[in-house]
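Here is the structure we will look at, set down as structure tokens.
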Amino acid sequence: MPNEVQRILILGGTREARCLASRLANDARYSVVTSLAGRTTRPNDIAGELRSGGFGGVEGLRNFIAAEHIALMVDATHPYAAQISANAAQASAKQDVPCLRLQRPPWEPNSGDRWMHVPDMGSAARTILAGARALVTVGRQEIAAFFTRADIHVVARMIEPPAIEPPDHAEILLARPPFSFEQECALMKDKRIDVLVTKNSGGEASYAKLLAARELGLPVIMIARPGKADVTSVASIEQMLKLIEAELG
Ligand code: NAP
């Protein structure tokens with residue numbers, strides 16, 4: 001008798017989640033459903049099933065796991081999405097369904113980098129010197145802290161427009177990574193940027209801005225990753241596939 005197909009829930013929203021879904025969708029042992037928060041109006045194509053929008057907290061996620069007969073959950077959310085990771089860890093413990101995390105490693109400074117490490121958005125906004133022109137790449141959800149600084153000029157780059165109206169001292173650049181080193185250097189020179197503000201997202205798609213800041217000798221305000229719930233965590237798709245196989249066979 002053939003073995004039962006095992007159902008895997010990927011909490012997605014990242015490139016890694018998309019890559020993992022396409023690998024698992026090609027494996028007859030598993031069926032895969034990816035969940036997105038639903039913040040992006042045009043998400044990239046994802047293999048397997050897709051669902052979108054919040055579950056309704058830990059209880060909602062537990063209900064989904066039970067109703068969909070999920071055998072294993074992979075938390076492949078963005079390193080800064082702390083709430084959904086906490087919910088996943090709790091739902092995993094309560095439903096007795098394993099939760100594994102796929103998370104890209106943070107960027108590390110190299111010689112020539114001028115990074116200032118700050119714990120959160122508010123500290124990042126306060127660290128920018130008065131009169132400075134800042135390229136801020138923290139995304140639409142957290143840009144508000146920088147809009148309150150009327151004594152700086154903010155160039156805010158994001159994929160989709162912010163929910164709040166930008167003030168006069170801010171300009172919005174809508175663009176989707178990846179960006180090349182040449183593009184990043186040209187942008188920083190064109191906008192006469194004095195400082196770059198970024199999350200430590202890791203990965204290659206948005207790393208060129210750090211190379212450009214190094215090349216131009218610009219300081220970088222690096223916002224620390226939030227702490228995430230303690231679950232087994234790996235950085236690569238191959239490691240994750242091995243872990244899934246060990247758990248589910
Ligand atoms: P979050 O604060 O961890 O999650 C907030 C709520 O959104 C969760 O409680 C959950 O709602 C829902 N949610 C989040 N991810 C979900 C998923 N994959 N499937 C279903 N529901 C999900 O995460 P966030 O609000 O998405 O983002 C927080 C931070 O992460 C921000 O800094 C954001 O910029 C960053 N982020 C960046 C990227 C990127 O690609 N650059 C992508 C995502 C997030 P319920 O409680 O109702 O289930």
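Indexing begins at 1, ligand by ligand and atom by atom, following the structure's order.
- The pair R7-E49 counts as a salt bridge, with a side-chain nitrogen and a carboxylate oxygen less than 4.0 angstrom apart.
- Shown are K199, K209, R157; of these, the side chain to side chain donor-acceptor pair (under 3.5 Å) with T137 is made only by K209.
- The contact set between ligand 1 and G54, taken as ligand atoms under 4.0 Å from a residue heavy atom, comprises 11 (O), 21 (N), 45 (P), 47 (O), 48 (O).
- Both the backbone and the side chain of Q83 come within 4.0 Å of ligand 1, counting heavy atoms alone.
- By the neighbour-count criterion of 12 heavy atoms within 6.0 Å, atom CG of D151 is densely surrounded, having more than that number from other residues, nucleotides or ligands.
- Using a cutoff of 4.0 Å between basic side-chain nitrogens and carboxylate oxygens, K242 and E245 are not scored as salt-bridged.
- Counting atoms of ligand 1 from 1 in the listed order, those under 4.0 Å from a heavy atom of S35 are 17 (C), 18 (N), 19 (N), 20 (C).
- Near G13, with a cut-off below 4.0 Å to any heavy atom, the atoms of ligand 1 are 40 (O), 42 (C).
- In this structure, A81 is part of the shell of residues with a heavy atom less than 4.0 angstrom from ligand 1.
- With F55 as the aromatic partner, R51 meets the cation-pi criteria of under 6.0 angstrom to the ring centre and within 45 degrees of the ring axis.
- Considering both main-chain and side-chain atoms, F55 comes within under 3.5 Å of ligand 1 through a nitrogen or oxygen pair.
- Looking at E160 and R39, no side-chain N of the basic residue comes within less than 4.0 Å of a carboxylate O on the acidic one, giving no salt bridge.
- Under 3.5 Å, the side chains of Q83 and N87 contain a donor-acceptor pair of N or O atoms.
- In this structure, A82 has a heavy atom closer than 4.0 Å to ligand 1.
- Taking the charged nitrogens against the carboxylate oxygens, R133 and D194 have no contact shorter than 4.0 Å, which rules out a salt bridge.
- Of the charged side-chain nitrogens involved, at least one lies within less than 4.0 Å of a carboxylate oxygen, so that E171 and K191 count as a salt-bridged pair.
- Scanning the protein for heavy atoms near atom 13 (N) of ligand 1, the closest one is A37 CB, 3.7 Å.
- With ligand atoms numbered from 1 in the order given, ligand 1 contributes 20 (C) to contacts under 4.0 Å with heavy atoms of R51.
- Of all protein heavy atoms, the one lying nearest to atom 31 (C) of ligand 1 is E142 OE1, 3.2 Å.
- Annotation: atom 25 (O) of ligand 1 to nearest protein heavy atom, R39 NH2, 2.9 Å.
- Within 6.0 Å of the CG atom in D168, the count of heavy atoms belonging to other residues, nucleotides or ligands does not exceed 12.
- Counting atoms of ligand 1 from 1 in the listed order, those under 4.0 Å from a heavy atom of G57 are 45 (P), 46 (O), 47 (O), 48 (O).
- In this structure, the side chains of M73 and L61 come closer than 4.5 Å at one or more pairs of heavy atoms.
- Ligand 1 lies less than 4.0 angstrom from a heavy atom belonging to N87.
- Here the options are T232, D75, T77, the test is side chain to side chain donor-acceptor pair (under 3.5 Å), and the partner is R101; only D75 passes.
- Evaluated by nearest non-hydrogen atom to atom 34 (O) of ligand 1, the leading choice among K228, R140, Q141, K199 is K199.
- Residue-ligand proximity, G12 to ligand 1, at heavy-atom distances under 4.0 Å covers atoms 18 (N).
- Ranking protein heavy atoms by distance to atom 47 (O) of ligand 1, first place goes to G56 N, 2.9 Å.
- For atom 29 (C) of ligand 1, the closest heavy atom belonging to the protein is Y80 O, 3.1 Å.
- Side chain of N26 to backbone of S22: a donor-acceptor contact under 3.5 angstrom is found.
- In this structure, L36 has a heavy atom closer than 4.0 Å to ligand 1.
- For atom 42 (C) of ligand 1, the nearest non-hydrogen atom of the protein is H78 CB, 3.6 Å.
- Considering only non-hydrogen protein atoms, atom 10 (C) of ligand 1 sits nearest to I84 CD1, 3.9 Å.
- The distance criterion of under 3.5 Å between nitrogen or oxygen atoms is not met by S85 with respect to ligand 1.
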